Amino acid sequence: MTSRRTFLKAAGGAGAFMAAGPGTASAANRVLKRQIPSTGEWIPALGLGTFMTFDQWPTTPRDNLREVLRLFWDAGGRVVDTSPLYGLAEANLGEFAKAMGINRRMFATNKVWTTGRYLNDDSLAVAQRNRSLEVLGRDRLDVVQVHNVVAPEMHMPILRRWKAEGKIRMLGITHHDPMYYPLIEHWIRGGDLDFVQIHYSIQTRVAEQGLLDLAADHGTAVMVNMPLEKARLHALVGNRPLPDVADDIGARTWAQFFLKYVLAHPAVTVALAATTNPQHQQDNLGALAGRLPDHSQRREMVRYMETIDGFTQLQSTPWYPGKTFNGQVKLG
């Protein structure tokens, strides 16, 4: 099978990956899509993350979150990522999706992160999976990933069994810290991962040093977390005007500028953007339209960002600057 990496070189640029998959002219088929190597199916290239943002007590107003999900779905978004680790996010997502009648139609990606009482005890993992199926109103999950590389030697056999039993369709592994990329690369080389989920952005580009190419060569789909650096990129640029290269790629806002950088890499299958703000959701979804930057434009985008004080030190700053969340999960 020709890898996406090889195909990109033959096609001559990131623009070759802008065409949507086959289908009708509905909103869901007009957006930028990418193909999952292991199954051949096409999914929209922008997904919805739920960490912190959907972790909100049901006794508090949540209409904004319902609207975020509605806008995402109506614009053609389908991939929604959550986890039992995310406090109330999974339950809120399930509640809203059931009310909208989309819970069984979402491309639902989830995680497993419990180890049980002893190494091959899968009872807690099974209980966690069943709870996820219940709150999301599903018979099976599209993707389940080993969360933050927690005991993959134990979890991978469990996920393979679930896949064979039809409880999940695909399996993967995740981490948000590039320090763990060598371990993720080890599992990619194992050959049966459908997905990896990694931290990748215009500021955190470690994955460009090998992991993304490796995933492409092994037919492993890549899900990106933190493409907007948990609001830190927006805090950094503030009210600065966009550079000229933004016009060339059809980026009307900073969110689209940052997301298009990530989506332009051919190994990226889907990027997860999280928000509590419906207007920000509409803004993010704009990245699915228009041109993507080519290699030279991506270099120009990085060079511009490097002229901004604090860009290279971004990882030392707290997540979600100036923002607080009222849920179960508390950031230290």
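Treat the numbers as computed from the prediction; the structure is a model and nothing was measured. Residues: numbered from 1 along the sequence shown.
- A donor-acceptor distance shorter than 3.5 angstrom exists from the side chain of Q35 to the backbone of G40, with no hydrogens or angles considered.
- The aromatic rings of F195 and F107 sit tilted, their planes meeting at an angle between 30° and 60°.
- Salt bridge status for R70 with D74: present, with a side-chain N to carboxylate O gap under 4.0 Å.
- Side chain to side chain, Q315 and T204 meet the donor-acceptor criterion of an N or O pair below 3.5 Å.
- Side-chain contact of S83 with E90: a donor-acceptor pair under 3.5 Å is absent, judged by distance alone.
- Checking D55 against Q328 by side-chain atom types alone, no donor-acceptor pair falls below 3.5 Å.
- Note on R205 versus E306: salt bridge recorded, some NZ/NE/NH1/NH2 to OD/OE distance being below 4.0 Å.
- Under the ring-ring contact (aromatic ring centres under 6.0 Å, His included) criterion, H280 pairs with no residue, sequence neighbours left out.
- Residue D244 qualifies as open at atom CG: its count of foreign heavy atoms under 6.0 Å is 12 or below.
- Shown here for A221 and I36, the closest heavy-atom pair between the two residues is CB-CG2, 4.3 Å.
- Contact check on R291 versus D248 returns no salt bridge, with no Lys/Arg side-chain nitrogen under 4.0 Å from an Asp/Glu carboxylate oxygen.
- Side-chain polar atoms of E229 and H234 form no donor-acceptor pair below 3.5 angstrom.
- Taking 4.0 Å as the cut-off between side-chain N and carboxylate O, D139 and K167 do not count as a salt-bridged pair.
- Taking the ring centre of W42 as origin, the terminal cationic atom of R34 falls outside the region bounded by 6.0 Å and 45° from the ring axis.
- No donor-acceptor distance shorter than 3.5 angstrom exists from the side chain of N148 to the backbone of V150, with no hydrogens or angles considered.
- Among T275, N277, T276, the one residue that satisfies the side-chain contact (heavy atoms from CB on, under 4.5 Å) test with N64 is T276.
- The side-chain contact (heavy atoms from CB on, under 4.5 Å) with P227 is formed by just one residue from the set N284, I202, V262; it is V262.
- A donor-acceptor pair under 3.5 Å is formed between the side chain of N92 and the backbone N or O of F54.
- In this structure, the side chain of Q128 engages the main chain of W113 through a donor-acceptor pair within 3.5 Å.
- Using modelled atom types, one side-chain atom of R138 and one backbone atom of M106 make a donor-acceptor pair closer than 3.5 Å.
- Between the N103 side chain and the G137 main chain, a donor and an acceptor come within less than 3.5 Å of each other.
- Side-chain contact annotation: S123 with D121, donor-acceptor N/O pair under 3.5 Å present.
- Checked by atom type, the side-chain pair N110/T82 shows no donor-acceptor distance below 3.5 Å.
- Here the side chain of K230 pairs no donor or acceptor atom with the backbone of P318 at under 3.5 angstrom.
- The pair D122-R161 meets the salt-bridge criterion, with a side-chain N (NZ, NE, NH1 or NH2) lying under 4.0 Å from an Asp/Glu carboxylate O.
- Without hydrogens or angle criteria, K260 side chain to I249 main chain gives a donor-acceptor distance under 3.5 Å.
- Using a 4.5 Å cut-off on side-chain heavy atoms (C-beta onward), L228 and W254 make no contact.
- For F311, the CZ atom counts as densely surrounded, since its 6.0 Å shell holds more than 12 non-hydrogen atoms of other residues, nucleotides or ligands.
- Side chain to side chain, T39 and E41 meet the donor-acceptor criterion of an N or O pair below 3.5 Å.
- A donor-acceptor pair is defined here as one N or O able to donate and one able to accept, closer than 3.5 Å; no such pair exists between the side chain of R169 and the backbone of L141.
- R232 places a side-chain N or O within 3.5 Å of a backbone atom of T317 that can act as its donor or acceptor partner.
- Enclosure of atom CZ in R252 is not indicated, since only 12 or fewer non-hydrogen atoms of other residues, nucleotides or ligands lie within 6.0 angstrom.
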